[in-house]
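Below: the structure, in structure tokens.
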Amino acid sequence: MDVEIVGRVLSTLPADDDHPYRTGPWRPQHAEWRADDLEVVGELPSDLDGVYLRNTENPVHPAIERYHPFDGDAMIHMVGFRDGKAFYRNRFVQTDGLLAEADAGGPLWAGIAERAGQSTRDGWGARGRMKDSSSTDIVVHNGVALSSFYQCGDLYRINPLTLETIGKSPWAPDCGVSAHTKVDDHTGELLFFNYSTTAPYLHYGVVDAGNHLVHYVPVDLPGPRLPHDMAFTEHYAILNDMPLFWEPGLLAKNLYASRFHPELPARLGVIPRRGNGNDIRWFEFDPTFVLHWVNAWEDGDEVVVRKMTEVFTHEQAVQPNPQSAAEILGGPAIPRDAGGSRFRKTEQH
């Protein structure tokens, strides 16, 4: 095995750091490695040729006040296979936020568990004044890997074989792109959404196989929401409106804390892949919160959506914020619903 450190970032985390999300298996990696001819237990098929990519949160600096594991900077890990051998690489995504904090020698932006007003600079994200760490997701479209941020930001373009950051997607809207874009391998299209705290609160778009933005439309929602994922079928995109979102009364005070609203239904919006906001059909089901969608397909005149959800107490669902969480704690649990749903294309609520 041939191993070499090819780069390293300067971290300001304390040498005796004992934060539970920065120690043990959560310990951040600040070196960038090249490892060739990895030891293989057994045998790899000689015709296996490709790479597996994983995006991770990897903090370089302490939090301003309260660290959350979603706050770390993006590091891409890659395991590649060729000619019956395996190799490994890891690289930081060279985001604007990473480079700015390297110049400053410390944190500049408040994380998800901190008040937006603690940021020392304007930033990114649906909440605003956050660092676009681009550390949530990674997909490959048009031969280029794209890393993304869960609260909407730039799509960073990465060489999937070397992990070199090669720029940003030029077509990304001003309000950014949410993580969990979807690539249709049959058409070469990339489907995406973004969200914000200003009307119409949600947008949906399509990028063609040549990396051109060919469709981008607003989708009306009753208010600001916190969608995290989407799904698609051959003819439709599936968006969502879940009853866990930032408390509207606190948003007016520039405070961000989420609350589950059991009096509201969960909703799925089925829209033709090149449809506009007027074409969307909303389907209601029992209130819950879905973080990730597992799959979706068409079965006759029905769209079938599989989902994966978790159960939280209301206290766990509230983002900790020292000025706002105490105002809204208390309430029901979010019910578990880990199955799937069928929606007829001819019905809506």
Side-chain angles (χ1 to χ4, degrees), residues 9-12 55 57-75 92-137 146-157 165 167-179 181 192-203 205 213 216 218 223-228 245-258 319-325:
V9 299
L10 181 61
S11 172
T12 60
N55 200 348
E57 286 95 0
N58 201 85
V60 175
H61 303 289
I64 293 175
E65 180 181 356
R66 179 179 286 104
Y67 177 71
H68 187 284
F70 289 177
D71 297 338
D73 296 285
M75 174 177 277
F92 279 97
V93 179
Q94 299 297 303
T95 65
D96 292 346
L98 176 75
L99 298 176
E101 290 187 332
D103 288 342
L108 298 172
W109 288 278
I112 191 64
E114 299 172 306
R115 298 183 301 277
Q118 292 177 279
S119 296
T120 61
R121 297 185 185 180
D122 290 334
W124 301 263
R127 189 189 79 173
R129 299 186 69 82
M130 295 185 74
K131 178 174 62 176
D132 174 7
S133 57
S134 201
S135 59
T136 308
D137 192 22
L146 304 173
S147 65
S148 53
F149 179 50
Y150 69 98
Q151 277 220 10
C152 303
D154 292 308
L155 285 182
Y156 281 87
R157 294 168 55 82
T165 303
K168 306 175 188 176
S169 293
W171 53 261
D174 290 341
C175 55
V177 176
S178 175
T181 57
F192 72 93
F193 68 96
N194 58 32
Y195 60 99
S196 70
T197 57
T198 57
Y201 307 115
L202 183 69
H203 287 84
L213 180 64
Y216 185 63
R225 295 296 189 262
L226 288 170
H228 184 70
F245 47 83
W246 285 314
E247 190 65 12
L250 295 174
L251 281 178
K253 304 175 184 177
N254 200 32
L255 299 173
Y256 296 83
S258 54
Q319 298 171 6
N321 183 313
Q323 288 191 353
S324 60

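The first residue in the sequence is number 1, and the count goes up from there. We use all heavy atoms of the structure for the numbers below, so side chains are in, but hydrogens, waters and symmetry mates are not.
For W109 (side chain) and A116 (main-chain N/O), no donor-acceptor pair under 3.5 Å exists by modelled atom type. Panel note: side chain S134, backbone S147; a donor-acceptor pair is recorded below 3.5 Å. Side-chain atoms of T12 do not come within 3.5 Å of backbone N or O of G106 as any donor-acceptor pair. S169 places no side-chain N or O within donor-acceptor distance of the main-chain N or O of A172, the cut-off being under 3.5 Å. Proximity of a side-chain donor or acceptor of N194 to a complementary backbone N or O of G176 within less than 3.5 Å is detected. At distances below 3.5 Å, at least one donor-acceptor pair connects side-chain atoms of E114 with backbone N or O atoms of E65.
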Inset, instruction - Decide side-chain contact (heavy atoms from CB on, under 4.5 Å) for R157 and T165; before the verdict, give the C-alpha distance in whole Å, the side-chain angles of both, and the deciding distance to 0.1 Å. - result: CA-CA 6 Å; R157 294 168 55 82; T165 303; over 6 Å; no
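In this structure the side chain of C152 reaches within 4.5 angstrom of the side chain of Y195, judged on heavy atoms. Taking the side chain as every heavy atom from C-beta outward, K168 and L155 never approach each other to under 4.5 Å. T136 is listed as a side-chain neighbour of H228, based on a closest heavy-atom distance under 4.5 Å. Looking only at side-chain heavy atoms (C-beta outward), S133 and F149 come within less than 4.5 Å of each other. Counting heavy atoms from C-beta on, the side chains of H61 and P107 come closer than 4.5 Å. Residues L251 and F245 fail the side-chain proximity criterion, which asks for heavy atoms closer than 4.5 Å.
Smallest separation of non-hydrogen atoms from L98 and T95: N-OG1, 3.0 Å. Smallest separation of non-hydrogen atoms from T181 and D137: N-OD2, 4.0 Å. Considering every non-hydrogen atom in both R121 and A100, the closest pair reads NH1-CB, 3.7 Å. Residues R127 and W246 come closest through the heavy atom pair N-CH2, 3.8 Å. For A110 against Q118, the heavy-atom pair with the smallest separation is CB-CB, 4.1 Å.
Atoms CD1 and OG1, on I64 and T120 in that order, are 6.0 Å from each other to the nearest 0.5 Å. Taken to the nearest 0.5 Å, the OG atom of S196 stands 11.5 Å off from the CG atom of D174. Between R115 atom CZ and R129 atom CZ the span is 12.5 Å, to the nearest 0.5 Å. E57 CD to D73 CG: the interatomic distance, rounded to the nearest 0.5 Å, is 10.0 Å. We find the CG-CZ distance between L99 and F92 to be 11.5 Å, quoted to the nearest 0.5 Å.
A side-chain contact (heavy atoms from CB on, under 4.5 Å) with M75 is found for exactly one of N55, N58, V9, V93, namely N58. Considering L108, D96, V60 in turn, L108 is the only one that fulfils the side-chain contact (heavy atoms from CB on, under 4.5 Å) rule with E101.
Under the 30°/60° scheme for interplanar angles, the aromatic rings of Y216 and H203 are found to lie parallel.
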